[in-house]
Number of protein chains: 2
Amino acid sequence: MRADYATRPRGAIERLLESDRRYLSATQIHTRLDVEQARVSLATVYRTLERLHTKGTVSARVDERGETTYMLCEPEHHHHHAICRICGRVEDVPCRALDEFASALQQRYGFELDGHAMEFSGVCNTCR
Amino acid sequence: MRADYATRPRGAIERLLESDRRYLSATQIHTRLDVEQARVSLATVYRTLERLHTKGTVSARVDERGETTYMLCEPEHHHHHAICRICGRVEDVPCRALDEFASALQQRYGFELDGHAMEFSGVCNTCR
DNA sequence: TGGGGTTTTGCGAATGTTTCGCAAATCCTG
DNA sequence: CAGGATTTGCGAAACATTCGCAAAACCCCA
Ligand SMILES: [Mn+2]
Ligand SMILES: [Mn+2]
Ligand SMILES: [Zn+2]
Ligand SMILES: [Zn+2]
């Protein structure tokens with residue numbers, strides 16, 4: 001219960017993730033593998049993504065429609081994501097103050113900020 | 001195609017939302033209404049929540065499990081949420097720089113910050 | 001106040017995503 | 001290469017959410 005076999009399906013999925021660094025749903029991945037002859041069952045796609053996510057090399061995010069999407073992302077340094085509303089490309093963004101963000105995004109990455117969502121978690125007064 | 005009837009199901013749902021200001025799923029709401037004798041069909045729960053969300057009096061968020069949850073929240077002023085990992089209670093937080101947040105949360109609300117997620121959206125260099 | 005047109009509800013069925021069980025296929029190691 | 005451990009594929013659940021449609025509820029005003 002420790003092993004980690006290097007199988008064809010896993011290889012195909014990881015290769016695809018490496019080649020397209022934006023958030024993709026399990027179905028999207030499944031379909032694209034199908035197209036490029038590397039047929040992998042949907043269940044295996046899910047299992048592999050979950051495995052990579054647990055291992056920490058894949059970031060998961062549920063999109064506005066409630067579908068879970070996955071993208072390669074090594075969390076070496078804590079950072080956030082700027083996602084292009086149009087093409088889905090993702091910029092990694094360091095974790096600094098908001099103003100810095102806005103201008104860094106604009107000047108350093110050419111990313112025109114037009115929205116953001118933040119959520120904090122922790123323990124409230126009562127629960128402490 | 002404009003009307004907005006004041007019906008028993010809608011009343012029940014809105015009353016419940018007013019009485020418990022934390023993020024609840026459609027199923028949770030449905031079950032709790034059931035318990036307190038105010039039986040409302042699940043489809044109606046969804047329809048009402050969507051209606052309130054569109055009207056702008058309810059904030060929707062998909063939780064880590066991919067389930068959509070809803071909470072009363074007038075977005076008069078743009079703000080963010082600090083959600084207690086334990087009890088689910090929500091603090092409204094103004095939108096300022098991150099350091100301010102941390103200490104404001106701690107000192108002003110007694111909220112012990114231990115995690116955050118941010119996501120930016122906009123248009124990337126290439127797409128502009 | 002009641003009738004009738006408009007809107008909403010409830011129900012069950014349809015969708016779409018994600019998970020599961022299990023036998024068959026694949027991998028590794030020695 | 002054989003044997004045991006692991007992974008795959010498949011189809012069947014399990015859920016969440018949406019839809020169509022006939023019946024019920026609501027509003028308005030004659
Ligand atoms: Mn990243
Ligand atoms: Mn709020
Ligand atoms: Zn783009
Ligand atoms: Zn709490």
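This is a predicted model, so every value here is computed, not measured.
With distances taken from any side-chain atom of T27(B) to the nucleotides dC20(C), dA16(D), dC11(C), the minimum falls on dA16(D). If you check dT18(C), dC27(D), dC27(C) against the side chain of T68(A), the one that comes closest is dT18(C). Candidate nucleotides dT8(C), dT7(D), dC19(D) were compared by shortest atom distance to the side chain of A43(B), and dC19(D) ranks first. Of all nucleotides listed (dC26(D), dC27(C), dT18(C)), dT18(C) comes nearest to the side chain of L42(A). The side chain of E67(A) approaches dT18(C) more closely than any other nucleotide in the set dT18(C), dT17(D), dA5(D).
Taking atom NE2 of H30(B) as the reference point, atom C1' of dT18(D) lies 15 Å away to the nearest angstrom. As rounded to whole Å, 13 Å separates atom C1' of dC28(C) from atom CZ of R10(A). Across the protein-nucleic acid pair, H53(A) atom NE2 and dT19(C) atom P stand 12 Å apart, rounded to whole Å. Rounded to whole angstrom, the span from the CD1 atom of I13(A) across to the P atom of dT7(D) amounts to 13 Å. Across the protein-nucleic acid pair, L24(B) atom CG and dA16(D) atom P stand 14 Å apart, rounded to whole Å. If you measure from atom CG of L49(A) to atom P of dT17(C), you get 14 Å, rounded to the nearest angstrom. Atom CD of E64(B) is separated from atom C1' of dT17(C) by 17 Å (rounded to the nearest Å). Atom CZ in R65(A) sits roughly 12 Å away from atom P in dT18(D) (whole-Å rounding).
Nucleic acid contact class of R51(B) (heavy atoms, under 4.0 Å, all strands): none. Residue-level contact check: S25(A) touches neither bases nor backbone, having no heavy atom under 4.0 Å from any strand.
Among the candidates V62(B), D63(B), L49(B), the single residue satisfying the side-chain contact (heavy atoms from CB on, under 4.5 Å) test with T68(B) is V62(B).
Taking only side-chain nitrogens and oxygens, T44(A) comes nearer than 4.0 Å to OP1 or OP2 of dG9(D).
Heavy-atom neighbours of E36(B) CD from other residues, nucleotides or ligands within 6.0 Å: above the threshold of 12.
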- Query: Going through the distances and angles, do R22(A) and D20(A) end up as a salt bridge (charged side-chain N to carboxylate O under 4.0 Å, His left out)?
  - Reply: CA-CA 6 Å; R22(A) 64 194 83 198; D20(A) 192 2; 2.8 Å; yes
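Side chain of T44(B) to backbone of V40(B): no donor-acceptor contact under 3.5 angstrom is found.
Each of R47(B) and R8(B) was assigned the nucleotide of DNA chain D with the nearest heavy atom; the assignment lying further toward the 5' end belongs to R47(B).
At a threshold of 4.0 Å, the pair R21(A)-E74(A) counts as salt-bridged, since one of the basic side-chain nitrogens sits closer than that to a carboxylate oxygen.
The base of dT17(C) is not paired with the side chain of Y46(A) by any donor and acceptor separated by under 3.5 Å.
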